[in-house]
Amino acid sequence: MNKTDNQKTTLPIETMRHSCAHVMAQAVLELYPGTKLAIGPSTEDGFYYDFDPQGQHKFSELDFVQIEQKMKEIIRSKQEFVREEISKEEALSRFEKENEPYKLEIIQDLDDGTITLYKNGPFVDLCRGPHVQNTSEIKAFKLLSVAGAYWRGSEKNPMLQRIYGTCFLTKEELADYLLRLEEAKKRDHRRVGKDLKLFTTSPEVGAGLPLWLPNGATIRRILERYIVDMELAEGYQHVYTPVLAKTELYKISGHWDHYRGSMYPPMALDDDELVLRPMNCPHHIQIYKSEGVRSYRELPLRMAELGQMFRLEKSGELTGLSRVRSMCLNDAHIFCTEEQIHEEIIKALQMVEKAYKDLGFTPDTYTYRLSLGDRNDTVKYVDNPAMWDKAENELRVVFKELNLPHYEAPGEAAFYGPKIDIQLKNVLGKEETVSTIQVDRHLPERFQLEYIGEDGKPHQPIMIHRGIISTMERMTAFLIEYYAGAFPVWLSPVQAIILPIKDSVNDFALNFHLELQKMGLRVNLDIRNEKLGYKIREAQVQKIPYMLVIGEKELQENKVAVRRRDGKDLGAMSIDDFKSLIQDDINSKRSRFE
RNA sequence: GCUGGAGUAGCUCAGCUGGUAGAGCAACGGUUUCGUAAACCGUAGGUCAGGGGUUCGAUUCCCCUCUCCAGCUCCA
């Protein structure tokens with residue numbers, strides 16, 4: 001490897017992808033003249049270009065063969081990329097002449113001064129560059145999909161047609177990437193969820209309203225017990241509150257103004273209106289208020305619930321278990337004093353770390369994000385600069401103190417305050433917010449919360465909203481993909497399956513089954529009239545961690561032959577040995593066999 | 001919600017330009033009692049997502065609805 005030698009001649013992959021986007025646009029224009037061009041950048045693992053075919057054509061994947069063919073011709077004809085610098089006025093008149101309305105709009109928004117164009121063959125595009133020197137440098141590319149995209153990302157603007165593609169330095173890298181996409185699809189929680197009978201949906205029940213099947217329900221129950229136990233140990237009090245409330249409650253909280261659009265429509269009841277709740281905080285606030293006067297001695301008051309909530313997400317946003325219209329959140333609200341904020345945030349972060357470790361997430365799968373507000377956007381965010389400064393600072397201090405690597409994300413805060421979000425990367429590399437810790441002085445103000453301080457005077461408590469393992473739906477979706485369905489033993493819907501080889505050992509197997517059930521194991525017994533290979537294959541496909549084979553030999557020796565999900569044969573062992581083996585997996589929450 | 005694509009047996013899929021459907025696996029019945037990823041034979045299974053239209057005739061063509069997929073937008 002002579003890296004240093006290559007560095008000058010090897011062009012960054014982004015440049016090549018961007019050039020490839022130009023070539024695609026060029027091909028599209030040749031095939032469909034009159035198509036208007038919008039933008040065409042490189043992305044994390046490819047590129048896209050947005051087109052407006054002026055209603056003349058609708059792109060579909062069937063067009064790809066033709067477009068790719070044309071692209072190959074352009075690449076083969078070794079067209080030079082030439083940079084040209086012109087004035088803004090000249091650029092305006094050029095693209096005016098070309099009749100490119102989107103390009104004109106972009107130029108109009110640019111600063112005065114020189115504007116750069118890139119030209120290859122007959123094709124000219126407004127572009128900052130850089131590009132490869134020659135189209136022939138584009139090596140391995142493939143068009144992937146076509147989809148709609150709003151002009152400038154706003155749903156108020158017309159929708160353009162976006163063609164996605166990718167491009168690599170070598171054919172091998174491209175093939176590798178396509179293979180990775182295929183592999184990722186195999187782990188897709190929707191697919192695995194079906195194969196392993198974890199959850200289903202029904203058109204009669206409705207979109208975005210998943211039904212948990214027994215196997216999925218088992219995983220969920222284990223997760224729920226796990227997190228509730230942790231919270232009780234950490235000084236939380238668990239409550240139950242109803243899944244609906246009067247609209248009035250959300251008018252007071254301010255959610256009505258901010259999120260009415262994604263709340264279920266209210267139902268009329270006598271003189272009142274009820275809505276399905278989109279979050280749990282206002283209910284918890286009512287519990288805080290139920291005592292009348294709270295004392296500083298009660299703080300921090302940590303109130304938790306596995307709260308079922310309902311959000312009317314747009315139909316196109318729904319995805320399996322990770323984006324749904326009814327979900328159960330691992331939610332809690334900590335009512336505390338100013339002085340207690342710091343420690344409570346740290347405690348919550350420690351719970352997150354503990355949970356991730358127990359769930360087997362390696363540090364490279366998650367990142368900390370500080371989600372900030374926008375002082376200029378008083379529509380989306382509560383208008384109270386001092387409050388924002390204070391809360392954002394409190395979160396920054398924690399990061400600094402714990403020396404946690406993180407990044408800041410302006411415009412990602414809740415309407416009432418900033419958040420620490422913990423982002424998990426899913427199989428396709430997409431980030432999802434899972435855990436969150438939020439400092440809120442707004443809702444306590446709206447609901448006029450109070451406690452009597454040491455000084456005998458009333459004060460306003462701070463609320464910390466925090467979620468450790470997110471919604472049961474989203475966490476389960478993530479776990480499915482993270483483990484590709486091969487769950488750690490403690491989470492597995494079925495932890496072991498007993499496979500008798502012939503009828504004559506059935507009684508022995510039955511007793512063994514009872515014995516394992518008695519110790520609380522989730523264990524199946526397969527006494528069907530099938531060959532061992534068949535039973536093993538089926539158990540393997542179901543990703544059951546342990547297969548316990550019982551034949552004549554095992555019966556004689558009062559043992560069991562243990563085969564692990566990863567194919568390893570652990571040989572025959574005494575029943576007690578197997579019990580302690582699997583009990584150790586469960587107790588240690590071992591996540592993978594090595 | 002928007003743009004594009006799709007929906008055939010429980011699952012995975014085949015079915016050319018209109019003539020009312022097929023395979024493998026699963027299920028069920030039988031034979032087989034078997035040693036680490038699929039024994040053999042047979043049976044049954046479909047309002048071709050739902051509704052409307054064109055046609056002598058629609059799984060196939062057109063319209064509407066539902067659901068799903070990719071992306072955009074959004075995510076308290």
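Chain A is the first sequence line, chain B the second, and so forth, proteins listed ahead of strands; every chain is numbered from 1. Predicted, not measured: the structure shown is a model, and the values here were computed from it.
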Decide if the gap between the ring center of Tyr416(A) and the ring center of His465(A) is smaller than 6.0 angstrom.
yes

Non-hydrogen side-chain atoms of His442(A) and Phe447(A) separated by less than 4.5 Å
no

Using the P atom as the point on both nucleotides, what is the distance between C2(B) and U60(B), in whole Å?
25 Å

Using the P atom as the reference point in each nucleotide, state the distance between C16(B) and C11(B) in Å, no decimals.
22 Å

Give me the distance, rounded to whole Å, that separates G4(B) from U8(B) when you measure between the C1' atoms they each carry.
22 Å

Please write out each protein N/O paired with an N/O of nucleotides 5-8 of chain B under 3.5 Å, distance rounded to 0.1 Å.
none

Cation-pi check, Arg17(A) to Phe47(A): give yes when NZ or CZ is under 6.0 Å from the six-membered ring centre and within 45° of the ring axis, no otherwise.
no

Between Tyr381(A) and Phe415(A), ring centroids under 6.0 Å:
no

What distance separates Asn426(A) CG from Leu424(A) CG, expressed to the nearest 0.5 Å?
9.0 Å

Distance-only donor-acceptor hits, side chain of residues 179-186 of chain A, under 3.5 Å, sequence neighbours excluded:
from: Glu183(A); atom 1: OE2; to: Lys186(A); atom 2: NZ; distance (Å): 3.2

Could you give the CG-to-P distance, from Asp526(A) to A26(B), as a whole number of Å?
13 Å

I'd like to know whether the aromatic ring centres of Phe478(A) and Tyr366(A) sit less than 6.0 Å apart in this structure.
no

Can you give one letter per nucleotide of nucleotides 64-76 of chain B, going 5' to 3': B for a protein heavy atom under 4.0 Å from the base, S for sugar-phosphate only, - for none?
---SSSSBBBBBB

Rounded distance [0.5 Å steps], CG in Asn506(A) versus CZ in Phe512(A)
14.0 Å

With rounding to whole Å, what would you report as the distance between G57(B) and C25(B) at their C1' atoms?
35 Å

Can you tell me which residue pairs pass the salt bridge (Lys or Arg N to Asp or Glu O under 4.0 Å) test with a partner in residues 323-335 of chain A, sequence neighbours excluded?
Glu313(A)-Arg323(A), Glu317(A)-Arg323(A)

Note: Pro266(A) and Trp256(A) closest approach over all heavy atoms is CG-CH2, 3.8 Å

Can you say whether the rings of Tyr259(A) and His255(A) are parallel (under 30°), tilted (30 to 60°) or perpendicular (over 60°)?
tilted

Base-pair map of RNA chain B as dot-bracket, where | denotes pairing with a different strand and pairs are Watson-Crick or G-U under 3.5 Å:
(((((((..((((.....[..)))).(((((.......))))).....(((((..]....))))))))))))....

Atom P, compared across C56(B) and G1(B): separation rounded to whole Å
38 Å

Point-to-point distance, once rounded to the nearest 0.5 Å, from CZ of Arg190(A) to OG1 of Thr319(A):
6.0 Å

Annotated protein contacts, base or backbone, on nucleotides 33-52 of chain B with a non-hydrogen cut-off under 4.0 Å, one of B, S, - each:
BBBBBBB-------------

Between Phe51(A) and Phe59(A), how do the two ring planes meet: parallel, tilted or perpendicular, split at 30° and 60°?
tilted

